[in-house]
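Structure record follows, encoded as C-alpha cells.
All ligand and atom numbering here is 1-based and tracks the order in the structure. Values in this document were obtained by computation on a predicted structure and should not be read as measured data.
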Amino acid sequence: MLDDINGSIDWQGLDAAHHLHPFTDHKSLHEGKVRVITDAEGVYLHDAEGNKILDGMAGLWCVAAGYSRPELVQAATRQMQKLPYYNTFFKTTTPPVVALAQRLAQITPAGLNHAFFACSGSEAVDTALRMARVYWQTLGKPSKKIIIGREYGYHGSTTLGASAGGMVDMHRQGGDMPNFVQVMPPYWYGYGGQMSPAEFGIYAARQVEDKIRELGADHVAAFIGEPLQGAGGVIIPPETYWPEINRICQENNILLIADEVICGFGRTGQMFGSDYFGIKPDMMTMAKAITSGYLPLSAVMLHDRVADVLINETGEFYHGFTYSGHPVACAVALANLDIIQNEGLVQRADAMGVILREKLHAALDHHPMVGEIRGVGLIGAIELTADKRTRKFFEKRGRVGMICRDYCVANGLVMRAVRDSMVYSPPLTITEAELDVLVARAAQSIEQTYAQVKNEVAL
Ligand code: PXG
C-alpha cells in the first residue's frame with residue numbers, strides 16, 4: 001500500500017475516516033483537506049499535490065540535520081540487522097545505549113554525567129519530575145513536591161507535562177494535577193512595560209522567588225523552564241534572567257530542570273540552551289534533535305549531585321519504559337551527533353542565525369505590522385503587532401497569525417504561528433540561498449496578511 005504506484009489511494013479520505021491528529025479541531029480539519037507529505041529532501045518537503053515547501057520549522061523543531069540523510073538510514077539499518085530490540089531492564093544493556101550515555105555526558109555541561117532514556121520529550125519531562133520528587137523523599141523531605149513552571153511554558157502532553165506547562169487550554173482538559181504552579185514568563189515584548197529588558201529579566205526571575213516564599217521552600221521540589229520558550233512563541237529571556245534563576249534555586253534549595261527538548265543540540269548556536277544562557281541545571285530533558293527526529297528518543301541527564309542520591313540512597317526507582325534506550329534509536333542518535341559535530345552544525349546555527357536576522361531586518365523592519373524580530377541561533381520569531389510603537393497586541397490574539405500562517409503555506413513555506421508571532425526554526429543545514437527563499441516567502445506572506453487586516457494596524 002505504501003508504494004502507491006499509480007497514485008490511486010485516497011490518503012485524504014482515509015485520513016479523515018480513521019485518523020485522529022494531535023492538537024487538532026477535527027471538525028474544521030474535515031471541512032478542508034489534510035496535506036499529505038510524501039517525501040522530503042534537505043530543507044524541502046514534497047506533498048502529494050506536487051508542491052515543494054521550504055520547512056522553516058524543521059518538522060516540529062527537530063530535523064536538525066535536514067531530511068534524507070543516508071548516514072542515519074545506514075545507522076538504523078545496521079543496528080536493525082544486528083539487534084533490532086532489546087531492553088535495559090533486568091541487569092542488561094546494549095552497546096548503542098552505553099555509547100550514547102557516555103557521549104551525552106561528554107557534550108552536556110560539566111557534572112551532568114548520567115542519562116535515563118525514554119521515547120518522547122513528554123516522557124523525559126515526566127521522568128525528571130518524578131525523579132525530583134523522589135530525590136527529596138530520599139533526603140527525608142517528602143513535603144517538597146511542588147513544581148514551579150511558567151505561563152506559556154510547554155513541557156509535553158502527558159498529564160504531568162501538561163500540568164507543568166503553562167498552556168491554560170491543556171490545564172482545562174485534564175492537564176491540571178495538584179502541586180503545579182506557574183509564574184510570569186520572561187516575555188519582555190508582552191510584559192516588559194516601561195522596564196528595560198535587563199531590568200525586566202530580574203523582575204521576571206524574582207517572580208519565582210516570590211512564589212517560593214509564598215509556598216514555602218519546604219514545599220517546592222523544582223523549577224522547570226525551557227532555556228527559551230519555544231512552543232510558547234519563542235520567548236527569549238533577557239540575559240539577566242537565568243543567572244538570577246540559578247541564584248534563586250541554589251539559595252532556596254530547589255532543583256533546576258532545564259527542558260532542552262527544543263533548544264538542545266545546536267539550535268541556539270551553542271550545543272545546549274543552558275550553554276547559551278549560562279544555566280546551571282540539576283537535570284536536563286532532551287529529545288527531538290537528539291535523532292534529528294528520525295526515530296523517537298529522549299533522555300534525562302542528571303547532575304552527579306542528584307544522581308548520587310538516586311543511585312546510592314533511593315533503592316529501586318519504580319519507573320521505566322519498554323523502549324528506554326531503544327538500540328536502533330540510540331544508534332541513530334550517535335550517527336546524528338557525528339553529523340552535528342563533523343559538519344559544525346552548532347557553529348553553523350550561530351553564523352546562519354546572524355545572517356538570517358540581518359535579512360529579516362532588511363526586509364521587514366520598516367513594516368508597520370512587524371513589532372519585533374527576535375532570535376538566537378536558528379530559532380526565532382517575527383512578532384506581528386497592532387501598534388509597533390506601543391507594543392500593542394491584536395484584539396483577538398492569534399487570528400492574524402493564523403491568516404499569515406495560511407499565506408506562508410500557500411507560498412511554499414512552513415512557519416508556525418503562536419498567537420501572532422510567526423516562529424522559525426529551520427534545519428541547521430540550511431544554506432544562505434535557502435535563507436533568501438525563506439525570507440522572501442515570509443515577507444510576501446506578511447504583506448498579504450497586512451493587505452487583509454490593514455485597518456486594524458496603527459500607522
Ligand atoms: N518539552 C518541550 C520544551 C517541548 O517543546 C516537549 C517537552 C514534549 O515533547 P514530545 O516529544 O512529547 O512532543 C516539547 C514538544 C509546537 C509543538 O507546535 C511543540 C512540541 C511538540 C509538538 C508541537 O510548537 N514540543
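Within 4.0 Å of ligand 1, the residues that place a heavy atom are Leu60, Trp61, Ser120, Gly121, Ser122, Tyr154, His155, Gly156, Glu226, Ala231, Asp259, Val261, Ile262, Lys288, Arg416, listed by chain and number.
Inspection of the Thr285 and Asp259 side chains reveals an N or O donor paired with an N or O acceptor under 3.5 Å. No donor-acceptor contact under 3.5 angstrom links the side chains of Glu71 and Asn336, judged on distance only.
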Less than 3.5 Å apart, which donor and acceptor atoms pair up between the side chains of residues 324-335 and the rest of the protein, not counting sequence neighbours?
| unit_1 | atom_1 | unit_2 | atom_2 | d |
| --- | --- | --- | --- | --- |
| Ser324 | OG | Phe117 | O | 2.8 |
| Ser324 | OG | Phe321 | N | 3.0 |
| Ser324 | OG | Phe321 | O | 3.3 |
| His326 | ND1 | Val328 | N | 3.1 |

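The pair Glu343-Arg69 meets the salt-bridge criterion, with a side-chain N (NZ, NE, NH1 or NH2) lying under 4.0 Å from an Asp/Glu carboxylate O. The pair Glu372-Arg391 does not count as a salt bridge, with every side-chain nitrogen at least 4.0 angstrom from each carboxylate oxygen.
A distance of 6.0 Å or more separates the ring centres of Phe180 and His171.
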